[in-house]
Amino acid sequence: MIKVQIKDGDLIETEPGTLAGELLAKALSKKKRKKLILAKVNGQIRDLSFPLTEDSQVEPVFSGDPEALEILRHSASHLMAQAVKQLYPKAKLAIGPAIESGFYYDFDVPGGSFSPEDLERIEARMQELAREAIPLERQEMPIDQAEKLFQDMGEDYKVELLHDLEAQGEREVSLYKQGDFLDLCRGPHLPDTGKIPAFKLINVAGAFWKGDENRPMLQRIYGTAFFTKKELAAYLQRLEEAKKRDHRKIGKQLDLFSIQEEIGPGLILWHPKGAMVRKLMEDFWREEHIRRGYDLLFTPHIAKRDLWKTSGHLDFYSENMYSPMEIDEVSYQIKPMNCPFHIAIYNSRKRSYRELPLRWCELGTVYRYERTGTLHGLMRVRGFTQDDAHIFCRPDQLDEEITEILDMTLYMLRVFGFDRYDIYLSTRPEKYVGSDEHWELSTNALKSALEKQGLEYEIDPGEGVFYGPKIDIKIKDCLDRSWQCSTIQVDFNLPERFNVNYTGQDSQPHAPIMVHRALLGSLERFFGVMIEHYAGAFPLWLAPVQVRVLTITDRQDEWARNVFGQLRKAGLRAEIDLRNEKLGKKVREAQVEKIPYMLVLGDQEVADKTVSPRTREGRKLDAMPVESFVEMILAETERGKTGGAVSPESRE
Ligand SMILES: [Zn+2]
Ligand SMILES: [Zn+2]
């Protein structure tokens, strides 16, 4: 007999081999039993059919538990694969994991791709299979037997996966069967297909087998699943909203940027309006850095290959770097990072302890190779401008420096409209460079800076990079999506490689602590995030065009030109629309272009020498003198630029 402790319940003596689910079911009320979907055995989530073979602690997992969501979604991917195999018997199965937003399954389908109508059919079949509440059964078998089985079924990809597992030393594998469908799978899974209450197939995309361009192109169907229909509906609505806000779509509508095949994938062309937003971002960024004691740097785009040897990039980073070019018989390479240049400036002369800290920043454009399939609008590109900075300080200055960096990060993110984050602190991994003493000092500095700001954070113990501890900040946008932007990284590696030091009070050389830091990440990506966050309706201080002057008839042309001149003279980004069009049309166009203010001029405004402002949200303000309008705009711009960002919603 074995002893099983049910969490918060009885200690039960039972036969070895008793199924976890049976035992739990007996201990639960009828109502709770219905929601039982998995068992946690000694802290590990298992199938309800998991046999208990030794003394254990068992805990029920119910439908709706957040920790079961991934398993629900993985079970939904099996359900989808079963439906696909029934409808397309020639389809071959590849892999079908749960992912953050749901799940996918890759299929090799003879004769092309799935259409939206196919997805509807598959989903309808999934509904039928779910209604049948088909049990999922786990089987275990020797790997060679599984190979034979999948070979006979013509599932070549599964056979390849089995070969891979065999090469890793696996001798036994598990399979999951539901009705006529069989899959190679580690599990665990929900007990039956009826426990998948809410799912939806989203789209289909091409994906290479094992992500390898030289292997077959498969059809990847994406779907999602939730424990309730309500959660699914809310998710689908967010997805709709995200589609409307897609920065590639808005970027085109508002003529902000383009990516052109003739230029090359992942390379961004900033059009005049996008370039204006970038200029405003850069101006604010530079001013704020100068205000906080940074110096500006500019560095070249290429450097001799030897530099990248010394920095270690050629050893650790070469797959992200572009091929060398020959100049005067010397090899040069385009930069994937700015760091070695900043170090070269540091090393251009002797440094004394009195000069530290040095805070150097640069909007540095770098180039990194990304696979074509991973490129995505402004979010993932091949050439981008990092808002980079490096701080060189003495160990005794580190605490204050990190605190200041974090304060600046949060301030700038807030000004750009983001005040919700997820924060991660990575600590020392198994393999590392640098002294234990410096690791401890730096990790503590990062921790205490977070705590001083009262910020919650997650620790990724041992998940850090080998060269030093770091903080990563993911900002949340208005749709609750997370975007990795800011990073603060201590580095013990590069200073050693480049022999960076300063002369201490003791006249001896000492290694400074070097911190890499990016607040926005890259201007391209951050611009993309902002376009989606604001749906293109930038706050006044960032709007490429702030005001457009509109006339009703040509009787107002002269006054309109006068007003326009005054606005430009006051430094406002203004436009004028004198076309012989209906006012309604002019207003609508300005609204579509997300221009924050329109000034409507009719005969009354001409007679009174006033302007009548309207906002892009449709609010009408009383007529006022031009000077009053300018004052109002300048005040709102200033408020936006100092952290009281006026969101489009709050202006209504
Ligand atoms: Zn599976
Ligand atoms: Zn760096």
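All heavy atoms count here, side chains included; hydrogens, waters and symmetry mates do not. When a ligand or atom number is given, it counts from 1 through the structure's own listing order.
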### Task
Considering just N/O/S atoms, say which atom of His74 is closest to the Zn ion (ligand 1).
NE2
### Task
State whether a side-chain donor-acceptor pair under 3.5 Å links Asp106 with Tyr157.
no
### Query
What orientation do His390 and His342 show, parallel under 30°, tilted 30 to 60°, or perpendicular over 60°?
perpendicular
### Validation row: Arg138, Phe50 side chains within 4.5 angstrom (heavy atoms)
no
## Note on the structure
the Zn ion (ligand 1) has as its nearest N, O or S atom from His78 the atom NE2
## Note on the structure
Taken by chain and residue number, the protein N/O/S atoms under 2.8 Å from the Zn ion (ligand 2) read Cys339 SG, His390 NE2, His516 ND1
### Task
Decide if the gap between the ring center of Phe316 and the ring center of Tyr467 is smaller than 6.0 angstrom.
no
### Task
Taking atom types as modelled, find out whether Thr299 and Glu362 have a side-chain donor-acceptor pair closer than 3.5 angstrom.
yes
### Query
Which pair of heavy atoms, one from Ser77 and one from Tyr105, lies closest together, and at what distance?
O-CD1, 3.4 Å
#### Entry: Backbone or side-chain N/O/S of Cys185 under 2.8 Å of the Zn ion (ligand 1)
yes
### Query
Side chains of Glu437 and Ser435: do they bring a donor and an acceptor to under 3.5 Å?
no
